[in-house]
There are 4 protein chains.
Amino acid sequence: MIRRPRAARAKAPHPRDDGAGQPSDRLEILLGKAARLMAKEGYHHTSMRDVARDASCSLAGLYHYFSSKEDLLFQVQHRVFASLLAAQEQSLKAPGPLEERLRLLVQNHLSFFTRHAAELKVCTFELESLSGASYRRVEELRRRYYRLVADLVGELATRSGAAPSDVEVRRLTLFVFGILNWIFMWFDPARDTPIETLGDEIVNLVLYGLCGQRATTDAGQKSTALGLAG
Amino acid sequence: MIRRPRAARAKAPHPRDDGAGQPSDRLEILLGKAARLMAKEGYHHTSMRDVARDASCSLAGLYHYFSSKEDLLFQVQHRVFASLLAAQEQSLKAPGPLEERLRLLVQNHLSFFTRHAAELKVCTFELESLSGASYRRVEELRRRYYRLVADLVGELATRSGAAPSDVEVRRLTLFVFGILNWIFMWFDPARDTPIETLGDEIVNLVLYGLCGQRATTDAGQKSTALGLAG
Amino acid sequence: MIRRPRAARAKAPHPRDDGAGQPSDRLEILLGKAARLMAKEGYHHTSMRDVARDASCSLAGLYHYFSSKEDLLFQVQHRVFASLLAAQEQSLKAPGPLEERLRLLVQNHLSFFTRHAAELKVCTFELESLSGASYRRVEELRRRYYRLVADLVGELATRSGAAPSDVEVRRLTLFVFGILNWIFMWFDPARDTPIETLGDEIVNLVLYGLCGQRATTDAGQKSTALGLAG
Amino acid sequence: MIRRPRAARAKAPHPRDDGAGQPSDRLEILLGKAARLMAKEGYHHTSMRDVARDASCSLAGLYHYFSSKEDLLFQVQHRVFASLLAAQEQSLKAPGPLEERLRLLVQNHLSFFTRHAAELKVCTFELESLSGASYRRVEELRRRYYRLVADLVGELATRSGAAPSDVEVRRLTLFVFGILNWIFMWFDPARDTPIETLGDEIVNLVLYGLCGQRATTDAGQKSTALGLAG
DNA sequence: AATGAATGAGGTTTCATTCAT
DNA sequence: CATGAATGAAACCTCATTCAT
């Protein structure tokens, strides 16, 4: 049932193509449309017909780009997740205070979320719909993303004198992911922008809790003030 | 010679359609089996045939208890969610310090989770698969559950001097729900019991954050110690 | 945490849904086979499986041509009824004595009947099985056919000095339709051909009744004579 | 598939029962409800569940009165058709002028129609839904009803000097049945009462046609006048 | 007499996928 | 590249009917 995802195909020269071997516009559009449908309706509830219809192409035409429905899901997930991971790894390479690194990580995540909400939601909730090699390849990306966050959480918890076990760090990390991933379920641009505010609130909760004193940076104050108006 | 088209035939209400009938052993078993399948595979990926096979009854036999697949989902959700809500409302009636109330709420939630993981997961992730009246009835329960938590979060945040807006309270509450609901995705009895430990960790994070000092109650210490061994 | 229920997914219009596409051999065959089955067994008693089997195509293959069973019925009805109506309207455009116009109308009807008995029977007895837009589109054709006959009947009744009311004309017209439509129930080519004889008998009854003297045209006499041999 | 219709069952004494062995009230009600549904939706489109629901009795309960769905149809048809036939045979026993006998026959038919429209419609349009012995028993009744009308039509046609063949008489008779049976398709109490008017119009058309002179009896005139107001 | 529970067969429709063109 | 046509499998659901109570 599982097909190898088709390797990046050589493209005939085309006026709109810059010739650098980067994927075709058409593919991008298809992936975007598919992601939106799958984010809205779920993978199983989205049919290849739906995707074809939404992209105004024929059903058979889809199979030029994706060897199967699962391959389509894989490509949606892999493309966007790899991109998010690269951005985070790049961004966290630079040293800095732990709190600032956490803030950066959260802001990157949210910023990516606002630009690729559908794709990211599909990455988050439809991993189990893959199988075999596709599953493993995306799982690997997810593991790396997890590690990024877990390392930071572990350092923060250690520094505060808690001497947490690996099991405790794992759970704290998963709490943070819970906060981030659940955003897909309620985010409303009319109420929840700017995302800087949202990010500050998350960071503050994670660092200091409901009872702790807030670290009110300038950015934090400003965006919180805006948040009050929302 | 001209006639009006025949009206859509009125469908009689299904005998067990109201979601509030008195319990029947057979019905209980069916709901449990269905919940487990749906929790594992998702609502859309679970077929009525799967449920019938799992419950060793005929496909048509299912339709004695549920007027449709959606009705089955509704009954699964309504029964367990109503039960959770009743337990929480009962439990939170008693007065007490805010922290303790939060701890109680989280422990109730986790305790219910361990006893009805499948049903609760279905409640959490498949609300959107309902529609019409079924949707609204479960939505109402969910709203009440949300209010329970939101009130507590609001009081905690207010008491710590933050004077949070409604919008901020909403988001803080949804962060807490994110932590709780994401547990479905990673909970592993081999690593994550006893749940008292898990509950304490959640409460500590929510109240004091990664950087704050933990309020280590006796219960908390004991279960954390056990947790370290897990 | 609260979301609106997902809207019913918009269904794309079926490629051949408009009932006016250009003819395709395969489509013609399918319509013919379906009409025969439905005329023989009734619409509700004819299953899509039956049609597919009879046409030696797969069940799913049918749905390339018809978006639903009702659409199949609609296309059967619309195609043949539009054709009959066009033929009659064309034929009655030419002026002539009222009696001759009635004779022409009846002969056209019977001639069409012998060529498309199954389709016409489906048009006559299964209008109520349509609904919505399909119903209205066929109803409009039926109304126009009714008007054609009603105008003729009205003029004939008026000319004979009866000064009939609209209500009376309506009923007289419906009597004529009763005669014509009931033919589906008893017509037997072994006994009831040639149809010219049948047509003359109908016209004579309608014009002069059982007690009136027959207007025996040459054509009438000749075909009656043949009828006697049948 | 065909069961012998259950013989008239002995009834336990019951206060509301007159003890004369006539069928139970309950049976009457069931037959009436079933007839109405089948007349409206067609035999195949009416399920036993529909009947049970409409009669507020259990599905299994129906099978105490009818051995099968086909038996239900048979009983509906047989009971009412036998009754109509008996009434007509009784009524036509008395001698009288041919025209008056025809008028009597039509009025009886219409009178029965207004009292038992649903049942009569089922008799008329669902004979083919029976099979085997049920079919043959109702067919026999239908044949006798046909003969009643055919004899009258034959005498009328013969008396007017036409010397019609058997084949011609058969067709003329079937024309008359067409008029009568098609009434089910358009009768509207708001427009088409009193039925005496309707009966007179039918008789006039059959006897004298559109071009013949009307026999305006007192009854005819009166009811036609009322018809004009409709 | 009456019914709740149960079922095998079959209904319409949709699905992912293939293939000749 | 692109597509219309086609299909086997499987989806949800309803049917007439039976049977223990």
Side-chain angles (χ1 to χ4, degrees), chain A residues 1 3 9 11-12 14 24 26-27 44-52 56-72, chain B residues 9 11 14-16 24 26-27 44-52 55-72, chain C residues 9 11 14-16 24 26-27 44-52 55-72, chain D residues 1 3 9 11-12 14 24 26-27 44-52 56-72:
Chain A
M1 184 160 112
R3 296 294 172 94
R9 276 155 297 110
K11 274 199 59 176
H14 185 279
S24 74
R26 189 78 193 275
L27 179 61
H44 289 299
H45 207 53
T46 303
S47 72
M48 293 296 269
R49 268 181 171 78
D50 291 336
V51 177
S56 305
C57 87
S58 75
L59 180 55
L62 273 188
Y63 284 82
H64 281 276
Y65 295 91
F66 314 106
S67 65
S68 69
K69 189 186 176 187
E70 192 176 326
D71 180 41
L72 167 55
Chain B
R9 267 195 296 171
K11 268 198 64 174
H14 200 273
R16 304 207 180 257
S24 130
R26 190 78 196 275
L27 180 61
H44 290 300
H45 206 51
T46 303
S47 73
M48 293 298 267
R49 263 190 176 78
D50 292 337
V51 177
S56 304
C57 85
S58 75
L59 180 55
L62 271 189
Y63 283 85
H64 255 280
Y65 295 91
F66 314 107
S67 66
S68 68
K69 190 184 177 187
E70 190 178 324
D71 180 42
L72 167 54
Chain C
R9 268 195 295 171
K11 269 197 64 174
H14 200 271
R16 303 208 180 255
S24 128
R26 190 77 195 277
L27 180 60
H44 289 299
H45 205 52
T46 303
S47 74
M48 292 298 268
R49 265 189 177 83
D50 293 337
V51 177
S56 304
C57 85
S58 75
L59 184 53
L62 271 189
Y63 284 82
H64 256 278
Y65 295 91
F66 314 107
S67 64
S68 67
K69 191 183 175 187
E70 190 177 324
D71 179 44
L72 167 54
Chain D
M1 185 159 111
R3 296 295 171 91
R9 275 154 298 109
K11 273 199 62 177
H14 185 281
S24 75
R26 190 78 194 276
L27 179 60
H44 288 298
H45 206 51
T46 302
S47 72
M48 293 297 268
R49 268 181 172 76
D50 292 335
V51 177
S56 303
C57 87
S58 76
L59 182 53
L62 273 187
Y63 284 83
H64 280 278
Y65 295 92
F66 314 107
S67 65
S68 70
K69 189 185 177 188
E70 191 176 326
D71 180 40
L72 167 55

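Protein chains get the first letters and strands the later ones, always in sequence-line order, with residue 1 at the start of each.
For E/dT12, the paired base is F/dA11 (Watson-Crick or G-U wobble, both distances below 3.5 Å). Under the Watson-Crick or G-U wobble criterion, with both distances below 3.5 Å, E/dA20 is paired with F/dT3.
Listed nucleotides E/dA16, E/dG11, F/dG4 differ in distance to A/Ala60; the shortest reach to its side chain belongs to F/dG4. Checking E/dT17, F/dG8, E/dG8 against every side-chain atom of B/Ser58, the shortest atom distance belongs to E/dG8. Side-chain proximity of C/Lys69 to F/dA16, F/dA11, E/dT12: nearest is E/dT12.
For the OP1/OP2 pair of E/dA6 and a distance below 4.0 Å, the side-chain nitrogens and oxygens of B/Tyr65 include at least one atom meeting the criterion. Remark: C/Arg26 is in phosphate contact with F/dA6, judged by side-chain N or O atoms under 4.0 Å from OP1 or OP2.
In this structure, C/Leu62 atom CG and F/dG4 atom P are separated by 19 Å, rounded to whole Å. Residue D/Leu72 contributes atom CG, which lies 10 Å from atom P of F/dT17 at whole-angstrom precision. Taking atom NE2 on D/His45 and atom P on E/dG11, their separation rounds to 15 Å, with Å as the unit. Regarding C/Leu59, its CG atom lies at a distance of 15 Å from the P atom of F/dA11, rounded to whole Å. Rounded to whole angstrom, the span from the NE2 atom of A/His64 across to the C1' atom of E/dT17 amounts to 13 Å.
Using a distance-only test at 3.5 Å, with no hydrogens or angles considered, no donor-acceptor pair links the side chain of A/Asp50 to the main chain of A/Thr46.
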